[in-house]
Amino acid sequence: MRRREFLGAVAAAPLALRVGIRDRAKEHVIVVGAGAFGGWSALALLRAGMRVTLVDAWGAGNSRASSGGETRVIRAVYNGVALYSEMAARAMVLWREAERKWKRPLLTRTGALWMFAGSDDYARKSVAPMKSVGLALEELTRADAARRFPQMGFDDVRTVFVEPDAGFLSARVACEFVRDAFVREGGEYVRASARPAAPTGARMPGIVLSNGNTVTGDKIVFACGPWMGQLFP
């Protein structure tokens, strides 16, 4: 299963129902990578009743991770690709729920200003899919934009859009909070690098860790590096 297919499955239904483990509550799932993608996948699977092992070489929110760093932008304008707008909308809901549960602000709503000197298809094609998930994308005239954002120059801009619900996530802290919740709720977290174990026929039985241990599982989700978003039986 490739990344786009996996993301589509996540957006369409709870992850646990899409990896073939429904009603098999103690099947073991290994998730490699504790960034935003891997951490939330592991936590969702755990909450669905699975036994889950989460593995990361450098730790949740580390500076080498694509979802590390102090902040990451969250927005729903994605060139009209409905899947990504749906995922962004869902992510905003989940982060707000997490904030209330963990009593820690993680998502800051700032809005996003989109300016185009040429084609504005990237934003314009996103209006319909965003509207379908309850998110607004407002088009401004240059005069309105200049009044609302006097600190900006619009002389070379042809069209302007405002995405009011966009903002930024405290990325490093958020990944650490997800990891902590996963462990607190009964998940197993291992800090070690991993490589695929030797396959048994068409099946990958598990992963080999840098500490010398081998972890076997019924399903393996690679949420890191070149295997991002791939699922192995």
Side-chain angles (χ1 to χ4, degrees), residues 1-7 9-10 14-21 24-72 87 91 94-95 98 101-102 104 106 169-233:
M1 180 181 287
R2 298 296 177 181
R3 184 183 185 192
R4 180 65 63 88
E5 295 168 330
F6 188 74
L7 292 174
V10 172
L15 179 60
L17 306 185
R18 291 289 179 166
V19 295
I21 51 179
R24 299 188 302 190
K26 287 305 175 184
E27 196 153 11
H28 185 197
V29 182
I30 303 167
V31 180
V32 181
F37 189 93
W40 271 112
S41 295
L43 185 56
L45 286 163
L46 183 70
R47 288 174 173 175
M50 306 299 111
R51 176 189 167 206
V52 185
T53 299
L54 177 61
V55 179
D56 195 283
W58 304 102
N62 73 85
S63 60
R64 299 169 185 245
S66 60
S67 51
E70 292 306 304
T71 60
R72 284 291 182 272
M87 290 181 65
L94 291 174
W95 282 120
K101 184 172 184 178
W102 300 335
R104 171 67 185 261
L106 297 168
L169 187 72
S170 299
R172 177 184 57 79
V173 172
C175 288
E176 291 173 346
F177 266 66
V178 172
R179 185 270 321 276
D180 291 347
F182 172 78
V183 173
R184 190 166 55 248
E185 295 179 30
E188 179 187 11
Y189 173 68
V190 180
R191 182 165 173 180
S193 61
R195 59 180 174 83
T200 304
R203 175 179 171 78
M204 183 187 297
I207 57 174
V208 179
L209 302 179
S210 55
N211 60 18
N213 294 334
T214 298
V215 182
T216 58
D218 301 291
K219 292 289 188 297
I220 307 170
V221 177
F222 282 93
C224 62
W227 302 294
M228 177 66 176
Q230 295 196 37
L231 172 71
F232 293 87

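In this text the structure is predicted, and so the values were computed from the model without any measurement. Counting from 1, the numbers follow the sequence of the chain as shown.
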Say you draw a straight line from [atom1] of [X] to [atom2] of [Y]; how long is it, rounded to the nearest 0.5 Å?
| X | Y | atom1 | atom2 | result |
| --- | --- | --- | --- | --- |
| His28 | Met50 | NE2 | CE | 12.0 Å |
| Glu176 | Ser170 | CD | OG | 11.0 Å |
| Ile30 | Thr216 | CD1 | OG1 | 6.5 Å |
| Phe222 | Met204 | CZ | CE | 4.5 Å |
| Lys101 | Leu94 | NZ | CG | 11.5 Å |
| Asn62 | Arg172 | CG | CZ | 11.0 Å |

Of all the heavy-atom pairs spanning [X] and [Y], show the shortest one and how long it is.
| X | Y | result |
| --- | --- | --- |
| Gly187 | Leu46 | N-CD2, 3.5 Å |
| Leu54 | Gly33 | CD1-O, 3.4 Å |
| Arg72 | Ala171 | CG-CB, 3.7 Å |
| Gly35 | Cys175 | C-SG, 3.9 Å |
| Pro205 | Pro199 | CD-CA, 3.9 Å |
| Ile207 | Leu209 | CD1-CD2, 3.7 Å |

Query raised in the report: Residues two or more places apart in sequence or in another chain: which of them pass ring-ring contact (aromatic ring centres under 6.0 Å, His included) with Trp58?
Result: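 For Trp58 there are no ring-ring contact (aromatic ring centres under 6.0 Å, His included) partners, ignoring immediate neighbours.
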Query raised in the report: Where do Glu188 and Arg179 land on the salt bridge (Lys or Arg N to Asp or Glu O under 4.0 Å) test, with the steps shown first?
Result: CA-CA 10 Å; Glu188 179 187 11; Arg179 185 270 321 276; over 6 Å; no
Query raised in the report: Could you walk me through whether Glu27 and Arg51 pass the salt bridge (Lys or Arg N to Asp or Glu O under 4.0 Å) check?
Result: CA-CA 6 Å; Glu27 196 153 11; Arg51 176 189 167 206; over 6 Å; no
Report yes if the side chains of [X] and [Y] come closer than 4.5 Å at any heavy-atom pair, otherwise no.
| X | Y | result |
| --- | --- | --- |
| Leu169 | Thr71 | no |
| Thr53 | Tyr189 | no |
| Val55 | Val31 | no |

Requested in this report: Hey, can you tell me if Trp95 and Trp40 have their rings parallel, tilted or perpendicular (30° and 60° cut-offs)?
Outcome: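 Answer is perpendicular, since the angle exceeds 60°.
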Requested in this report: Carefully, step by step, assess Val173 and Leu106 under the rule side-chain contact (heavy atoms from CB on, under 4.5 Å).
Outcome: CA-CA 8 Å; Val173 172; Leu106 297 168; 3.9 Å; yes
